[in-house]
Amino acid sequence: MFRRHSDAIFLDLSVDLRDRDDWKIGPLRTIDYPQNITAFATEPISGLLAIGTAGGVIYLFGGPGVETRLVTPDIVGVKFLQFAPSSFQLVCLDDTSVLHIWDLAAIGRPKLVASARFDATNSLTLSPCHSHAFLALNNGEIRTYDLVCLRKSPYTMPNMWKLYQEKLKASGVHCASSAES
């Protein structure tokens with residue numbers, strides 16, 4: 001317990017990893033994709049890679065034999081892509097702020113299960129611990145979408161900066177910065 005760190009003796013567990021035959025550096029797979037990529041997402045547990053393009057096409061790559069092409073319904077550019085690991089879905093937000101959800105658990109091709117329109121959106125975030133997608137709107141609000149029930153949730157978070165400035169204004173304190181900054 002009271003030994004110095006320099007006195008510590010550590011067991012070398014990397015002896016088996018030193019064989020040069022085990023480490024052949026080179027390409028595993030070559031993927032052809034267009035140059036107009038606007039978003040991509042990875043799912044390390046299932047080994048999936050999704051690439052979204054400005055033409056509204058999403059390329060989905062995985063293990064051997066897993067390669068498909070998804071198209072947004074209105075053929076609008078892909079703005080954000082994320083995997084929902086808790087529900088095994090691919091979530092896409094396009095340039096017109098429409099949220100699209102594909103079910104990846106379906107047998108065969110992924111199936112488009114829902115689409116929902118939101119106000120102008122800055123960001124899309126998914127957490128592996130939640131069943132909701134969080135969308136940050138241009139006006140500062142955060143809206144949620146339930147990925148299990150496939151509908152907009154009533155849970156919202158107001159623009160906190162705007163509320164803070166209104167509170168300062170009501171208390172008589174002059175604030176030099178604006179809500180747009």
Side-chain angles (χ1 to χ4, degrees), residues 28-63 65-164 178-181:
L28 296 175
R29 182 176 179 189
T30 303
I31 299 173
D32 295 326
Y33 54 86
Q35 295 180 350
N36 58 354
I37 294 173
T38 56
F40 75 94
T42 60
E43 214 306 314
I45 295 170
S46 58
L48 294 175
L49 170 69
I51 299 172
T53 65
V57 179
I58 300 168
Y59 296 93
L60 191 61
F61 301 101
V66 178
E67 186 172 326
T68 189
R69 184 175 173 257
L70 309 172
V71 181
T72 56
D74 298 330
I75 309 176
V76 180
V78 175
K79 192 173 184 181
F80 295 104
L81 270 178
Q82 291 213 355
F83 286 99
S86 60
S87 56
F88 205 57
Q89 295 170 326
L90 177 64
V91 180
C92 166
L93 185 72
D94 67 20
D95 286 336
T96 59
S97 296
V98 176
L99 189 73
H100 305 286
I101 294 106
W102 280 273
D103 182 17
L104 301 177
I107 296 175
R109 287 184 46 86
K111 179 182 173 189
L112 179 66
V113 290
S115 293
R117 182 171 301 280
F118 284 87
D119 294 336
T121 307
N122 283 338
S123 177
L124 167 69
T125 302
L126 287 136
S127 167
C129 301
H130 295 97
S131 62
H132 285 77
F134 299 91
L135 294 103
L137 305 182
N138 286 358
N139 64 7
E141 285 185 3
I142 297 175
R143 298 275 175 93
T144 56
Y145 186 88
D146 190 343
L147 295 170
V148 175
C149 297
L150 299 173
R151 62 185 170 100
K152 290 183 180 181
S153 293
Y155 308 117
T156 61
M157 186 174 189
N159 184 339
M160 300 304 283
W161 182 252
K162 186 177 177 183
L163 292 175
Y164 172 74
S178 66
E180 288 80 27
S181 62

Interatomic spacing from NZ in Lys79 to OG in Ser123 - rounded to 0.5 Å: 9.0 Å

Met157 vs Thr144 side-chain heavy atoms within contact, under 4.5 Å: no

Which atom of Asp146 lies closest to which atom of Val148, heavy atoms considered: OD1-N, 3.0 Å

Residues which pass ring-ring contact (aromatic ring centres under 6.0 Å, His included) with Phe40, listed by chain and number, not counting sequence neighbours: none

Heavy-atom check, side chain of Asp94 versus side chain of Val78, under 4.5 Å: no

Leu48 side chain reached by Val66 side chain, heavy atoms, under 4.5 Å: yes

Rounded distance (nearest 0.5 Å) linking atom OG of Ser97 with atom CG of Leu137: 8.0 Å

Heavy-atom closest pair, residues Ala84 and Val91: CB-CG2, 4.5 Å

Value rounded to 0.5 Å, distance of NZ in Lys111 from CD in Gln89: 12.0 Å

Donor-acceptor pair, side chain of Ser127 and main chain of Cys129, under 3.5 angstrom: yes

Beyond-backbone contact of Asn138 with Asp119, side-chain heavy atoms, under 4.5 angstrom: no

Closest approach of Leu147 to Ser87 (non-hydrogen atoms, all atoms of both residues): CB-OG, 4.3 Å

Close side-chain approach of Ser46 and Phe88, heavy atoms under 4.5 Å: yes

Check: Thr121 and Leu99 side chains under 4.5 Å, non-hydrogen atoms: no

Residues which pass side chain to side chain contact (heavy atoms under 4.5 Å, CB included) with Ser115, listed by chain and number, not counting sequence neighbours: Pro73, Val98, His100, Leu112

Nearest-0.5 Å distance, CG of residue Leu49 to CZ of residue Phe83: 7.0 Å

Atom pair CG/CD of Leu124 and Gln82 - distance to nearest 0.5 Å: 5.0 Å

Side chain proximity check, Tyr145 to Leu150, heavy atoms < 4.5 angstrom: yes

Sequence-distant partners of Phe134, ring-ring contact (aromatic ring centres under 6.0 Å, His included), two or more places apart: His130

Nearest heavy atoms of Gly55 and Asn36, plus distance in Å: N-ND2, 4.0 Å

Side chains of Thr96 and Arg117 in contact at under 4.5 Å (non-hydrogen atoms): yes

Ala54 to Thr38 - nearest heavy-atom pair and separation: N-CG2, 3.7 Å

Distance in Å, Tyr59 OH paired with Thr53 OG1, rounded so as to fall on 0.5 Å steps: 6.0 Å

Check: Arg69 main-chain N/O paired with Arg109 side-chain donor or acceptor under 3.5 Å: yes

Nearest heavy atoms of Trp102 and Cys92, plus distance in Å: CZ3-CB, 3.6 Å

